[in-house]
Asker: 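Structure below; questions to follow.
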Amino acid sequence: MTALTYPEAGATRLGPLPDGYHHLHHRTRVGRGRADFEAAGAAVTGWHMHRASGAGVRASAERAEAGVLVRVSLGAGPLRFTAPCRVVWAEYGAHRTGFAYGTLARHPERGEECFVTELDDDGTVWFTVMAFSRPAAWYTRLAGPLVPVLQRWYARRLGSTLRRIVDEERGGRG
């Protein structure tokens, strides 16, 4: 089953985020210059950032493109949660690279999340996680206000993981 579980597909690309969902917006500086931007974009769209942060990722393609199916899993043992998603949009531009995936059936949440790297005019490389979601499973409804806290923690973890990946890549270039 590859039908999205929410009607607002693509809202993370151009906004605004739809009402009736919890909104997440986290932005982290991850580098400086074209080489850092390209390294960050490749790590995001090639699933390396997610995997390096500790998530399990099974995708139907090597990099994010619209329509790619993705299963992200977090946790350990009986506390391992699997989240089936489909890439809704992907962008590979001169100053912006990233993608968003939307939730499929059996995902604990309903909504969309994007992961974007941007190269500012001053050379700063930014990583942004933006999402809208609401509970879809009994356990995410039961967890209530804890879910947004965990989502913010994971977004910060992705940002620090991506900064480390870019730093390591820069060290390999220098």
Side-chain angles (χ1 to χ4, degrees), residues 2 4-6 9-13 17 22-31 36-77 79-93 96-119 125-133 136-137 140 143 146-170 172:
T2 60
L4 297 171
T5 60
Y6 63 100
T12 57
R13 187 171 203 165
L17 297 182
H22 168 74
H23 295 172
L24 169 70
H25 187 266
H26 178 74
R27 189 174 192 219
T28 305
R29 183 185 176 280
V30 296
D36 284 359
F37 168 71
E38 290 174 4
V44 168
T45 59
W47 319 115
H48 180 55
M49 173 192 67
H50 282 83
R51 288 181 176 125
S53 74
V57 177
R58 292 180 55 203
S60 64
E62 296 288 319
R63 75 178 202 163
E65 294 289 352
V68 168
L69 298 176
V70 185
R71 293 179 71 80
V72 178
S73 58
L74 295 167
L79 296 178
R80 189 161 201 75
F81 297 96
T82 299
C85 303
R86 185 180 79 215
V87 176
V88 176
W89 60 263
E91 182 174 342
Y92 294 89
R96 181 176 149 99
T97 297
F99 73 96
Y101 50 44
T103 58
L104 300 175
R106 296 195 182 105
H107 192 294
E109 292 281 303
R110 226 177 237 118
E112 187 173 295
E113 189 168 24
C114 77
F115 311 92
V116 176
T117 59
E118 294 176 287
L119 177 61
V125 180
W126 294 97
F127 169 65
T128 301
V129 178
M130 189 167 45
F132 60 93
S133 64
T140 51
L146 183 59
V147 173
V149 170
L150 294 172
Q151 289 172 328
R152 282 192 304 277
W153 171 82
Y154 187 60
R156 285 192 303 273
R157 180 172 175 85
L158 290 176
S160 62
T161 298
L162 186 58
R163 185 179 319 110
R164 180 178 43 78
I165 290 168
V166 169
D167 287 347
E168 289 170 359
E169 181 74 20
R170 186 182 317 109

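Along the sequence shown, the residues carry numbers beginning at 1.
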Asker: Can you see which heavy atom on Met49 is nearest to which on Val44, and at what distance?
Answerer: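 In terms of heavy atoms, the two residues are closest at SD-CG2, 3.9 Å.
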
Asker: Heavy-atom count around Arg58 CZ within 6.0 Å, excluding the residue itself: above 12?
Answerer: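 Check fails, neighbour count at 12 or below.
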
Asker: Can you tell whether the side chains of Arg170 and Asp167 come within less than 4.0 Å, N to carboxylate O?
Answerer: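 Salt bridge between Arg170 and Asp167, a charged N being under 4.0 Å from a carboxylate O: yes.
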
Asker: Other residues, nucleotides and ligands only: do more than 12 of their heavy atoms fall within 6.0 Å of CZ on Arg27?
Answerer: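 For Arg27, atom CZ is crowded (more than 12 foreign heavy atoms under 6.0 Å).
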
Asker: Over all heavy atoms of both residues, which pair between Ala61 and Trp47 is shortest? Give the atoms and the distance, please.
Answerer: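 Minimum heavy-atom separation between Ala61 and Trp47: O-NE1, 3.0 Å.
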
Asker: Locate the shortest heavy-atom distance separating Ala64 from Ala90; write the atom from each residue and the value.
Answerer: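 Heavy atoms only, the tightest pair is O-CB, 3.6 Å.
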
Asker: Quick one: does Phe99's side chain get under 4.5 Å of Val68's, heavy atoms only?
Answerer: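 A side-chain contact under 4.5 Å is absent here.
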
Asker: If you take all heavy atoms of Gln151 and Ser133, which pair is closest and at what distance?
Answerer: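 Nearest heavy atoms, Gln151 then Ser133: NE2-OG, 3.1 Å.
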
Asker: Would you indicate whether the side-chain heavy atoms of Leu104 and Leu69 approach each other to under 4.5 Å?
Answerer: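 Heavy-atom side-chain distance check passes, below 4.5 Å.
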
Asker: Would you call the rings of Tyr6 and Phe132 parallel, tilted or perpendicular if under 30° counts as parallel and over 60° as perpendicular?
Answerer: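 If you compare the ring of Tyr6 with that of Phe132, the planes turn out perpendicular.
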
Asker: Please examine the side chains of Arg164 and Ser160, heavy atoms only from C-beta on, and report whether any two atoms are closer than 4.5 Å.
Answerer: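 When only atoms from C-beta onward are counted, Arg164 and Ser160 do not touch, as no gap falls below 4.5 Å.
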
Asker: What is the minimum heavy-atom distance between Ala52 and Thr161, and which atoms define it?
Answerer: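 What the structure gives for the nearest pair is CB-CG2, 3.6 Å.
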
Asker: Listed by chain and number, what are the side chain to side chain donor-acceptor pair (under 3.5 Å) partners of Thr5, not counting sequence neighbours?
Answerer: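 If we apply the side chain to side chain donor-acceptor pair (under 3.5 Å) test to Thr5, skipping adjacent residues, the hits are Thr103.
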
Asker: Please report the C-alpha distance between His25 and Thr128 in whole Å, then the side-chain angles of each, then the deciding distance to 0.1 Å, and finally whether the side-chain contact (heavy atoms from CB on, under 4.5 Å) criterion is met.
Answerer: CA-CA 7 Å; His25 187 266; Thr128 301; 3.7 Å; yes

Asker: Any side-chain to backbone donor/acceptor pair from Glu112 onto Gly10? Under 3.5 Å, distance only.
Answerer: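 Yes, the answer is positive, given that a donor and an acceptor are paired below the 3.5 Å cut-off.
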
Asker: Tell me every residue that passes side chain to side chain donor-acceptor pair (under 3.5 Å) with Thr45, counting only those two or more places apart in sequence or in another chain.
Answerer: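 None.
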
Asker: How far does OG1 of Thr12 sit from CG of Leu24, to the nearest 0.5 angstrom?
Answerer: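 These two atoms lie 11.5 Å from each other.
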
Asker: Start with the C-alpha distance between Arg156 and His26, add both sets of side-chain angles, then the distance that settles side-chain contact (heavy atoms from CB on, under 4.5 Å), and finish with yes or no.
Answerer: CA-CA 7 Å; Arg156 285 192 303 273; His26 178 74; 3.3 Å; yes

Asker: Thr28 versus Leu162: any side-chain heavy-atom pair under 4.5 Å?
Answerer: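 Counting from C-beta outward, Thr28 and Leu162 never come under 4.5 Å.
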
Asker: Donor-acceptor pair, Arg157 side chain versus Ser53 backbone, under 3.5 Å?
Answerer: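 Such a contact is found between Arg157 side chain and Ser53 backbone.
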
Asker: Where the side chain of Thr97 meets the backbone of Thr117, is there a donor-acceptor pair that is under 3.5 Å apart?
Answerer: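 Flag not set: sc Thr97 to bb Thr117 has no pair under 3.5 Å.
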
Asker: Are Met130 and Val116 side-chain neighbours, meaning at least one heavy-atom pair lies under 4.5 Å?
Answerer: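 A side-chain contact under 4.5 Å is absent here.
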
Asker: Looking at residues at least two apart in the chain, or sitting in another chain, which of them share a side chain to side chain donor-acceptor pair (under 3.5 Å) with Glu91?
Answerer: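 Residues passing side chain to side chain donor-acceptor pair (under 3.5 Å) with Glu91: Arg96.
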
Asker: Can you list the steps and then say if Glu109 with His22 is a side-chain contact (heavy atoms from CB on, under 4.5 Å)?
Answerer: CA-CA 11 Å; Glu109 292 281 303; His22 168 74; over 6 Å; no

Asker: Can you measure from OG (Ser73) to NE2 (His50) and round to the nearest 0.5 angstrom?
Answerer: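 One finds 11.5 Å between OG of Ser73 and NE2 of His50.
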
Asker: Answer whether the closest heavy-atom distance between the side chains of Asp36 and Val30 falls below 4.5 Å.
Answerer: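 No; the side chains remain at least 4.5 Å from each other.
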
Asker: Write down the atom of Leu4, the atom of Ala9, and the distance for their closest heavy-atom approach.
Answerer: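 Looking at all heavy atoms of both residues, the shortest contact is CD1-CB, 3.6 Å.
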
Asker: In terms of relative ring orientation, are Phe127 and Phe115 parallel, tilted or perpendicular, with 30° and 60° separating the classes?
Answerer: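 Parallel: the ring planes of Phe127 and Phe115 meet at under 30°.
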
Asker: Would you check if Val129 and Glu113 make a side-chain contact, meaning some heavy-atom pair closer than 4.5 Å?
Answerer: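 Sidechains of Glu113 and Val129: in contact.
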
